[in-house]
Amino acid sequence: MKRILVAEDDLVISKLYQIHFQRNRIHGCFFTTGAGVIASAKHERPDLVILDFELPDLSGPKVMAELHAIPGCENVPVVFITGRATPAVVDNLRQAGAREVFGKPFSPIHLIQLIG
């Protein structure tokens, strides 16, 4: 079973993830901060990380950089979900190593297909 870490500080959106993950039998660990994702990744390597662009403690790009600095997590795919999905932001995130960037609002179906 895949281990997916999700950092989303909006509790409504986090609940949306949880509902769709449960319906599709996907195991997710949910955090409201980037620090939670980083600490969890140090304990056990995730298969995928889903990040909000803006978190209360660290920016999503900073979380991705710290995640990829953890031994064994250098190539963990990161997906961003953000309300700031301008072409420049999307390009910058992809150049920094993001696998995919979804704008808010987003289709949970596309996210589930990506996790597939």
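We number each residue from 1, following the sequence as shown.
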Connected via hydrophobic side-chain network under 4.5 Å: L93 and L67: yes

CD1 on I109 to NE2 on H20, rounded to 0.5 Å: 7.5 Å

Exercise: identify the closest heavy-atom pair between A7 and T33: CB-O, 3.9 Å

Output field: ring centroids F106/Y17 closer than 6.0 Å: yes

Heavy-atom pair of closest approach, residues L55 and D9: CD2-N, 4.1 Å

Spacing of Q22 atom CD and H27 atom NE2 [to the nearest 0.5 Å]: 11.5 Å

Heavy-atom side-chain proximity of L114 to I112 below 4.5 angstrom: no

Spacing of E54 atom CD and F80 atom CZ [to the nearest 0.5 Å]: 11.5 Å

Contact summary for L51 and G60, nearest pair of heavy atoms: CD1-O, 3.5 Å

Working for side-chain contact (heavy atoms from CB on, under 4.5 Å), residues V49 and V37: CA-CA 8 Å; V49 174; V37 166; 3.9 Å; yes

Minimum side-chain heavy-atom gap F102-S107 below 4.5 Å: no

Steps toward side-chain contact (heavy atoms from CB on, under 4.5 Å) verdict (E100, R94): CA-CA 7 Å; E100 186 61 73; R94 287 191 176 144; 2.6 Å; yes

R84 atom CZ: more than 12 heavy-atom contacts under 6.0 Å: no

Heavy-atom pair of closest approach, residues L48 and P77: CD1-O, 3.4 Å

Side-chain H-bond candidate by donor/acceptor type, E44 with S40, under 3.5 Å: no

salt_bridge(E8, K104) N-O dist < 4.0 Å: yes

ILVMFWY cluster, I50 and F30 together (side-chain gap under 4.5 Å): yes

H68 side-chain N/O to V76 backbone N/O, donor-acceptor pair under 3.5 Å: yes

Same apolar cluster (I L V M F W Y, side chains within < 4.5 Å links), I26/I19: no

Residues V79, V101; criterion side-chain contact (heavy atoms from CB on, under 4.5 Å); working and verdict: CA-CA 6 Å; V79 174; V101 181; over 6 Å; no

Side-chain heavy atoms of V6 within contact of I4, under 4.5 Å: yes

CG on L11 to CD on Q18, rounded to 0.5 Å: 9.0 Å

Joint cluster assignment, V63 & F31, ILVMFWY side-chain distance < 4.5 Å: yes

Minimum-distance pair of heavy atoms, taken over all atoms of A85 and G103: CB-CA, 3.6 Å

Under 3.5 Å: donor-acceptor pair, side chain of R45, backbone of G72: yes

4.5 Å side-chain heavy-atom contact, S14 and T32: no

Any donor-acceptor pair under 3.5 Å from D10 side chain to V12 backbone: yes

Between CE on residue M64 and CG on residue L58, distance to nearest 0.5 Å: 13.0 Å

Expected output: side-chain D57 to main-chain G34 donor-acceptor under 3.5 Å: yes

Interatomic spacing from NE2 in H110 to CD1 in I115 - rounded to 0.5 Å: 13.0 Å

